[in-house]
2 protein chains.
Amino acid sequence: MQTDNPTLTEKLASAIADGILDGSLTPGLRLDENSLARQYGVSRTPVREALRQLMRSGLIDMRPRKGAVVSKATPGQVESLFVAMAEMEATCARLAAMSMTPVERRRLQARHEAMTALAAAGDRAAYSDANVAFHSAIYAGAHNEPIAEYTLGLRRRVGPFRRAQFNVDGRLVLSNREHDTVVRAILSGDAAGAHAAMLHHVSLVEDAFETFAATSAA
Amino acid sequence: MQTDNPTLTEKLASAIADGILDGSLTPGLRLDENSLARQYGVSRTPVREALRQLMRSGLIDMRPRKGAVVSKATPGQVESLFVAMAEMEATCARLAAMSMTPVERRRLQARHEAMTALAAAGDRAAYSDANVAFHSAIYAGAHNEPIAEYTLGLRRRVGPFRRAQFNVDGRLVLSNREHDTVVRAILSGDAAGAHAAMLHHVSLVEDAFETFAATSAA
DNA sequence: TCTGTCGAAATTGCATACAATTGCCCAAAA
DNA sequence: TTTTGGGCAATTGTATGCAATTTCGACAGA
């Protein structure tokens with residue numbers, strides 16, 4: 001019947017995750033296995049397995065006999081997610097400063113310079129896309145699969161709670177300037193500097209979400 | 001038959017995970033669902049779900065039609081795990097330095113002092129247990145669930161690759177001295193210092209595993 | 001003797017059936 | 001009218017059965 005290789009379970013997990021991330025499945029919504037099975041025209045078994053996967057990635061919550069609901073995070077949990085995100089980004093930058101190959105460093109710089117042009121031109125859409133790629137490049141540059149993968153997962157998780165950060169005029173240029181500090185530190189192999197610069201950069205993004213600031217010490 | 005509340009799936013996942021962590025299920029070993037089901041006297045369904053869970057936590061590998069095997073990591077992957085572990089521990093220490101409550105700080109210090117006594121007495125078993133609790137206390141002190149949870153999972157994952165670090169005489173006292181630096185930084189709210197000290201501490205543990213050192217910068 | 005192809009057995013993925021628990025609804029009594 | 005108790009329905013957890021794919025082995029040909 002199905003000649004596809006990716007298992008049904010995985011396709012279901014992706015489909016449901018997309019539904020959550022694009023907002024069509026709102027937090028708090030109950031996900032009952034029968035409805036999902038009917039909706040996708042499959043049996044409950046792959047649905048169950050997909051839900052388990054999503055639970056472990058934090059997108060949904062499941063309690064033993066109570067079923068699954070889309071994670072409805074409290075403000076505190078959202079705050080935790082953003083803090084975690086910032087720490088992981090900073091860690092990736094630190095590792096990237098230490099482990100990036102010369103080629104990767106050159107490409108990062110090229111990417112950054114392209115974004116500088118986009119920022120100057122005020123092209124928000126293109127800058128936003130390039131921004132995602134920029135950060136992904138740093139995750140990859142960390143040369144550490146567990147860290148990179150976790151950071152990527154975290155970024156997906158915070159996605160639904162993110163407001164458009166680049167709407168405010170001037171934010172584009174500011175973001176780009178922060179990137180400049182980060183790139184400079186990474187290129188020069190300054191691990192601690194890269195860590196601090198990235199932490200600063202991402203924490204500002206967090207502020208754009210209107211979280212209760214604070215948490216800056218040392 | 002079953003009057004227990006924790007679902008079979010979870011108990012199976014724990015049982016299999018224990019088997020892997022204590023070494024009775026060696027890396028590379030094939031885990032076929034039928035055998036496991038017979039072995040534990042249940043059907044294949046909970047076994048399948050347990051395996052999925054373990055896959056997502058990285059303890060086993062599964063390929064679409066090829067079944068599950070206990071993760072057999074390459075030296076490079078193990079190295080990555082240890083690096084990731086060190087980074088996460090350091091991050092937890094950083095966050096703990098910023099967020100621990102006064103009570104938590106006092107308890108951490110008390111814990112540390114108790115361990116100093118154990119180190120002086122040369123009680124390796126007790127020190128080892130206390131050491132786990134010590135690090136766990138720091139994870140918790142980070143007050144960040146995603147980070148703490150991930151770090152804990154990572155610790156479980158590196159477990160199978162860890163040799164007994166406290167066998168070498170003098171390592172006990174050395175470990176305790178490093179803890180002292182970490183604790184001092186955390187208690188004084190020195191985020192950067194806590195990060196660096198913990199990174200140093202855990203990286204040394206890593207060396208005890210005979211990894212190819214390096215990776216220590218500014 | 002070695003290699004390639006065909007086949008059968010075993011194992012996984014999915015579907016369906018059964019059991020058990022939970023939560024809800026309604027009714028009855030205070 | 002409100003509260004409590006019981007029963008019922010709905011949903012999850014578990015078991016089993018079926019189909020498809022993969023792997024291992026055997027046999028034939030070179």
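If you're wondering where the values come from, they're calculated on a predicted model, not measured in any experiment.
Comparing Thr45(B) and Leu31(B) by the nucleotide of DNA chain C that holds the closest heavy atom to each, the one mapping nearer the 5' end is Leu31(B). Of the two residues near DNA chain C, Arg63(B) and Arg44(A), the one whose nearest nucleotide lies more 5' is Arg63(B).
Looking only at distances, a side-chain donor or acceptor of Tyr127(A) sits under 3.5 Å from a matching main-chain atom of Asn176(A).
In this structure, Glu49(B) atom CD and dG13(D) atom P are separated by 8 Å, rounded to whole Å. The OH-C1' distance, from Tyr40(B) to dT14(D), rounds to 18 Å in whole Å. Per the geometry, CG belonging to Asp32(B) stands 12 Å off P belonging to dA10(C), to the nearest Å. Atom P of nucleotide dT12(D) and atom CG of Leu51(A) are separated by 9 Å, given to the nearest angstrom. In this structure, the CG atom of Leu36(A) is 13 Å from the C1' atom of dT11(D), given to the nearest Å. With rounding to whole Å, Arg30(B) atom CZ is found 8 Å from dT23(D) atom P. Rounded to an integer number of Å, the gap from Asn34(B) CG to dA15(D) C1' is 13 Å. For the pair Arg38(A) CZ and dC14(C) P, the computed distance is 20 Å after rounding to whole Å.
Nearest nucleotide to the side chain of Pro46(B), out of dA15(D), dA15(C), dT12(C): dA15(D).
Ring geometry, His135(A) versus His179(A): the interplanar angle exceeds 60°, so the pair is classed perpendicular (tilted spans 30 to 60°).
There is no side-chain donor-acceptor pair under 3.5 Å between Glu149(A) and Tyr139(A). Between the side chains of Ser136(A) and Arg155(A), at least one donor N or O lies within less than 3.5 Å of an accepting N or O. For the residue pair Glu104(B) and His143(B), a side-chain donor N or O sits within less than 3.5 Å of a side-chain acceptor on the partner.
Contact annotation: side chain of Arg65(A) to base of dG23(C), donor-acceptor pair absent below 3.5 Å. Residue-to-nucleotide contacts include no donor-acceptor pair under 3.5 Å from the side chain of Thr9(B) to the base of dT14(D). With hydrogens and angles left out, the side chain of Thr7(B) and the base of dT14(D) share no donor-acceptor pair within 3.5 Å.
Note on Arg48(B): every side-chain N or O is 4.0 Å or more away from OP1 and OP2 of dT11(C). The side chain of Lys66(B) places an N or O atom within less than 4.0 Å of a non-bridging phosphate oxygen (OP1 or OP2) of dT23(D).
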